[in-house]
Engineer: 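Sending over a structure as structure tokens; questions will come in a sec.
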Amino acid sequence: MYITTTIPYVNARPHLGFALELVQADVLARHHRRRGEPVRFQTGTDDNSLKNVLAAEAAGVPVRELVDRNAAAFEGLRGPLDLSFDSFIRTSTHPGHRAGVERIWRAVAHDLYPRHYEGLYCVGCEQFYTEGPCPEGHRQPLQTVSEENWFFRLSRYQDALSELIRGGRLKIEPVTRRNEVLAFVESGLADISVSRSAARARGWGIPVPGDPGQVVYVWWDALANYVTALEGDDYERWWVAERRKVHLMGKGVIRFHAVYWPAMLLSAGLPLPTQIFVHDYLTVAGQKISKSSGDAVDPVALVEAYGTDAVRWWLLREVPRVGDADFTAERLVARADEDLANGLGNLVNRVVTMVSRFLDGHVPAPGEDLADVSGTVSGTVSDTVHEALEGYDFRRAAAAVWRIVEEANRYVERTQPWRQDGTAREASLGTLVHACRALAVQLEPFLPTAAARVAAAVGGERLERAAPLYPRLVDAGRAGV
RNA sequence: GGGGCGGUAGCUCAGCCGGUCAGAGCAUCGGACUCAUAAUCCGUGGGUCGUGGGUUCAAGUCCCACCCGCCCUACCA
């Protein structure tokens with residue numbers, strides 16, 4: 001399975017919204033790897049955007065410097081967010097990217113033609129609109145652009161795209177997004193501008209092959225990353241031979257991925273992606289994420305304050321498959337304390353303590369009733385998780401894992417090991433240790449760190465008491481902003 | 001303007017083809033227990049399922065209109 005995230009502009013440091021996409025992609029990657037499927041998880045940054053140039057000018061620093069710094073911040077999310085991406089491409093430094101973009105350009109040459117164009121352009125979106133203001137709410141007013149550009153015959157691909165999507169060869173989730181794309185495609189496609197003057201681009205970007213006065217449209221450039229990141233044999237393996245190629249993205253960029261990109265590939269005679277998953281946006285305390293949101297949306301700051309698991313868990317357990325989700329530190333803390341501290345952490349803690357106190361730490365064999373607790377695990381839970389993830393329902397998948405925690409806690413109350421003796425007690429505690437081990441396994445795609453900590457706490461033949469895995473955040477004075 | 005999605009307990013949300021669908025979690029309240037991080041387990045209360053019509057023996061669940069929120073798309077020019 002080839003999984004990609006979009007590659008964001010690097011005009012600023014990453015915010016929580018992009019962290020959501022990365023974490024979702026990471027869960028898919030880990031889940032499928034665990035099932036033994038070959039996985040390639042790809043992400044990166046779009047360095048060649050004019051927006052980056054403008055941000056650098058505004059900040060009074062060289063473009064190269066700003067781009068390098070911010071790109072590093074994006075790549076640096078790997079540690080804080082426990083990401084497992086296999087490759088990180090930067091469009092301005094990746095060795096094969098430029099050549100790849102040029103190759104695709106030439107392959108599509110039969111569908112390119114020069115045309116004078118005049119329109120309203122939003123630098124924030126890197127896109128033309130028929131009227132202002134730009135729907136994404138970018139501050140800068142739309143600018144009137146009038147110049148000679150290269151155009152791509154998108155109109156030729158209307159029927160092909162329609163069939164592709166209707167036939168399911170290009171699956172778009174959720175359905176409402178699929179319908180949206182179909183409505184757009186079937187309402188008639190106009191050719192699009194795919195280059196701009198090098199002057200307007202401030203000389204930043206990839207020159208059009210054979211026309212140095214023009215720079216390749218940044219979206220064309222960025223979309224190509226999905227294949228240019230795959231060099232040599234990797235291209236054959238992951239773009240040609242792979243049956244499942246999934247693009248994850250936010251709702252603002254569907255058209256590029258579901259229309260322009262497949263059309264480009266069709267024109268170039270290259271294989272297409274197979275699935276597109278569109279997530280909605282995050283708001284913070286009811287407001288759109290913006291610069292003024294500050295630390296409240298800085299994933300690294302959140303991780304420093306609350307921990308990787310708390311941040312990942314909020315993103316996975318609270319964000320619905322469809323619809324925007326509202327983030328507040330209070331919600332993150334409430335969820336972490338309820339699930340991580342009171343649920344998971346407390347369960348492991350009480351089990352380890354009992355084994356330590358009553359059995360001198362020795363792990364007994366599980367009892368006959370193991371199936372009651374961890375049978376739920378291997379069977380129902382793992383099935384539900386898989387089913388939910390096939391539908392990109394991360395929240396449902398995450399919730400399913402918690403059934404093990406709930407079931408194990410009920411089991412403790414039911415058997416009351418502290419009142420049992422001899423073999424009965426050993427059997428109960430054995431069952432509980434095994435349930436915790438099963439929990440660690442199920443947890444791995446969602447919270448790799450938590451999974452490792454649980455596994456360490458209940459692993460081996462002899463358990464030792466230790467400090468609680470997840471102290472309550474509210475007690476630690478981390479009640480929120 | 002056209003199209004789509006959503007409006008269900010204080011909060012966040014489940015409810016597929018109409019008939020135990022009026023639910024879950026959190027919060028509240030009561031009880032149990034003491035292995036555990038004032039945790040855990042059990043139970044209670046609470047909603048005219050956005051509004052108004054309609055179809056049906058029966059409607060959150062279908063149809064129509066309207067109100068509110070959001071998304072896509074367009075435009076009188």
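Order of the sequence lines fixes the chain letters, A, B, ..., with proteins taken first and strands second; residue numbering starts at 1 for each chain.
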Engineer: Round to the nearest Å and state the distance from A/Arg357 atom CZ to B/U34 atom P.
Structural biologist: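 Checked: the CZ to P distance equals 12 Å.
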Engineer: Taking atom P of B/C35 as reference, at what distance in whole Å does atom OH of A/Tyr411 sit?
Structural biologist: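 Roughly 18 Å, once rounded to whole Å.
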Engineer: Taking the inter-plane angle between the rings of A/Phe152 and A/Tyr157 on a 0 to 90° scale, is it parallel (under 30°), tilted (30 to 60°) or perpendicular (over 60°)?
Structural biologist: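 Rings of A/Phe152 and A/Tyr157: parallel, under 30°.
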Engineer: Taking the side chain as everything from C-beta on, heavy atoms only, tell me whether A/Arg321 gets closer than 4.5 Å to A/Arg395.
Structural biologist: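 The answer is no, as the side chains (C-beta and beyond) never meet within the 4.5 Å cut-off.
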Engineer: Does a salt bridge link A/Glu406 with A/Arg403, judged by any charged N lying under 4.0 Å from a carboxylate O?
Structural biologist: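 No, A/Glu406 and A/Arg403 are not salt-bridged.
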Engineer: How is A/Ala183 classified with respect to the nucleic acid when contacts are heavy atoms under 4.0 Å: base, sugar-phosphate, or nothing?
Structural biologist: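 No contact.
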Engineer: Do A/Val412 and A/Trp418 come close enough that some side-chain heavy atom pair is under 4.5 Å?
Structural biologist: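 A/Val412 reaches A/Trp418 side chain to side chain.
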Engineer: Taking the six-membered ring of A/Phe446, is the NZ or CZ of A/Arg312 close enough (under 6.0 Å from the centre) and on axis enough (within 45°)?
Structural biologist: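 That pair does not qualify as a cation-pi contact.
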Engineer: Taking the side chain of A/Arg410 as its heavy atoms from C-beta onward, which of B/U37, B/C42, B/C35 lies nearest to it?
Structural biologist: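 Of the options given, the side chain of A/Arg410 lies nearest B/C42.
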Engineer: Does any non-hydrogen side-chain atom of A/Val319 lie less than 4.5 Å from one of A/Tyr281?
Structural biologist: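 Answer no - side chains too far apart.
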Engineer: List the atom pairs, donor and acceptor, that lie under 3.5 Å between side-chain atoms in residues 171-179 of chain A and the rest of the protein, sequence neighbours left out.
Structural biologist:
unit_1   : atom_1 : unit_2   : atom_2 : d
A/Arg177 : NH1    : A/Glu180 : OE1    : 2.8
A/Arg177 : NH1    : A/Glu180 : OE2    : 3.4
A/Arg177 : NH2    : A/Asp280 : OD1    : 2.8
A/Arg178 : NH1    : A/Ile165 : O      : 3.3

Engineer: One thing to verify: whether A/Arg396 and A/Glu390 come together as a salt bridge, which I'm taking to mean a side-chain N less than 4.0 angstrom from a carboxylate O.
Structural biologist: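 The answer is no: the pair does not qualify as a salt bridge.
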Engineer: Pairs in or reaching into residues 345-356 of chain A: which pass side chain to side chain donor-acceptor pair (under 3.5 Å), with residues at least two apart or in two chains?
Structural biologist: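 The answer is A/Arg350-A/Asn409, A/Arg350-A/Glu413.
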Engineer: Report yes if the distance between the aromatic ring centroids of A/Phe277 and A/His247 is under 6.0 Å, otherwise no.
Structural biologist: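 No.
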Engineer: Please figure out whether A/Val405 or A/Ala341 has its closest RNA chain B nucleotide nearer the 5' end.
Structural biologist: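 Nearer the 5' end of the strand: A/Ala341.
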Engineer: How far does the P atom of B/C21 sit from the matching atom of B/G60, given to the nearest Å?
Structural biologist: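 Their P atoms lie roughly 13 Å apart.
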Engineer: Parallel, tilted or perpendicular: which one describes the rings of A/Trp313 and A/Trp402, with boundaries at 30° and 60°?
Structural biologist: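 Answer is tilted, since the angle falls between 30° and 60°.
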Engineer: At 4.0 Å (heavy atoms only), tell me whether A/Leu469 reaches a base, stays on the sugar-phosphate, or touches nothing.
Structural biologist: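 Result for A/Leu469 = base.
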Engineer: Please report the distance separating the C1' of B/C75 from the corresponding atom of B/A59, rounded so that it comes out in whole Å.
Structural biologist: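 Per the computed distance, 38 Å lies between those C1' atoms.
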Engineer: Between B/G45 and B/G31, how far apart are the C1' atoms? Round to whole Å, please.
Structural biologist: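 15 Å, rounded to whole Å.
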Engineer: In dot-bracket form, 5' to 3', how is RNA chain B paired? Count Watson-Crick and G-U wobble pairs only if both distances fall under 3.5 Å, and write | where the partner sits on another strand.
Structural biologist: (((((((..((((.........))))..((((.......))))......(((((.......))))))))))))....
Engineer: Expressed as a whole number of Å, how far does the P atom of B/C72 sit from that of B/A27?
Structural biologist: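 It comes out at 36 Å once rounded to the nearest Å.
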Engineer: In this structure, how many angstroms lie between the C1' atom of B/A74 and the CD atom of A/Glu186, rounded?
Structural biologist: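 Rounded to whole Å, this separation is 17 Å.
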Engineer: Identify whether the glycosidic angle of B/G50 places it syn (within 90° of 0) or anti.
Structural biologist: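 Anti, angle beyond 90° from zero.
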Engineer: Without decimals, in angstroms, what is the distance between A/Asn349 CG and B/C35 P?
Structural biologist: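 In whole Å, B/C35 P lies 13 Å from A/Asn349 CG.
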Engineer: Could you check how far CD of A/Glu180 sits from C1' of B/A74, rounded to whole Å?
Structural biologist: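 Whole-Å distance recorded here is 14 Å.
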Engineer: Rounded to whole angstrom, note down the P distance from B/G46 over to B/C35.
Structural biologist: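 Approximately 37 Å lies between the P atom of B/G46 and that of B/C35.
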Engineer: Please report the distance, rounded to the nearest Å, between CG in A/Leu344 and P in B/U40.
Structural biologist: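 The answer, rounded to whole Å, is 12 Å.
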Engineer: With rounding to the closest Å, how many angstrom separate the C1' atoms on B/G47 and B/A24?
Structural biologist: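 Those two atoms are separated by 14 Å.
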Engineer: Give me the distances for all protein-to-nucleotides 25-33 of chain B N/O pairs that come in under 3.5 Å?
Structural biologist:
unit_1 : atom_1 : unit_2   : atom_2 : d
B/C33  : O3'    : A/Arg419 : NH2    : 3.4

Engineer: Whole-Å distance between B/U34 P and A/Arg350 CZ?
Structural biologist: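 A/Arg350 atom CZ is separated from B/U34 atom P by 12 Å.
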Engineer: Report the residue (A/Arg177 or A/Arg465) whose heavy-atom-nearest nucleotide on RNA chain B is the more 5′ of the two.
Structural biologist: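 That would be A/Arg465.
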Engineer: Below 6.0 angstrom between ring centroids: does that apply to A/Phe327 and A/Trp314?
Structural biologist: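 Yes: the rings meet the under 6.0 Å criterion.
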Engineer: On a whole-Å scale, what distance lies between the P atoms belonging to B/C76 and B/C71?
Structural biologist: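 Going atom to atom, P in each nucleotide, I get 24 Å.
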Engineer: Whole angstroms only, please: what is the CE-P distance between A/Met354 and B/U37?
Structural biologist: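 Roughly 12 Å, once rounded to whole Å.
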Engineer: B/A38 and B/G43: how far apart are their P atoms, nearest whole angstrom?
Structural biologist: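 Approximately 24 Å lies between the P atom of B/A38 and that of B/G43.
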Engineer: Could you run down nucleotides 11-17 of chain B 5' to 3' and tag each one B, S or - for protein heavy-atom contact under 4.0 Å?
Structural biologist: -SSS---
Engineer: Sequence neighbours left out, what pairs pass salt bridge (Lys or Arg N to Asp or Glu O under 4.0 Å) with at least one residue falling in residues 437-456 of chain A?
Structural biologist: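 Counting only pairs at least two positions apart or across chains, the salt bridge (Lys or Arg N to Asp or Glu O under 4.0 Å) contacts touching residues 437-456 of chain A are A/Arg30-A/Glu444.
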Engineer: Classify A/Asn342 by what it touches in the nucleic acid, base, sugar-phosphate, or nothing, heavy-atom distance under 4.0 Å.
Structural biologist: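 Contact class for A/Asn342: sugar-phosphate only.
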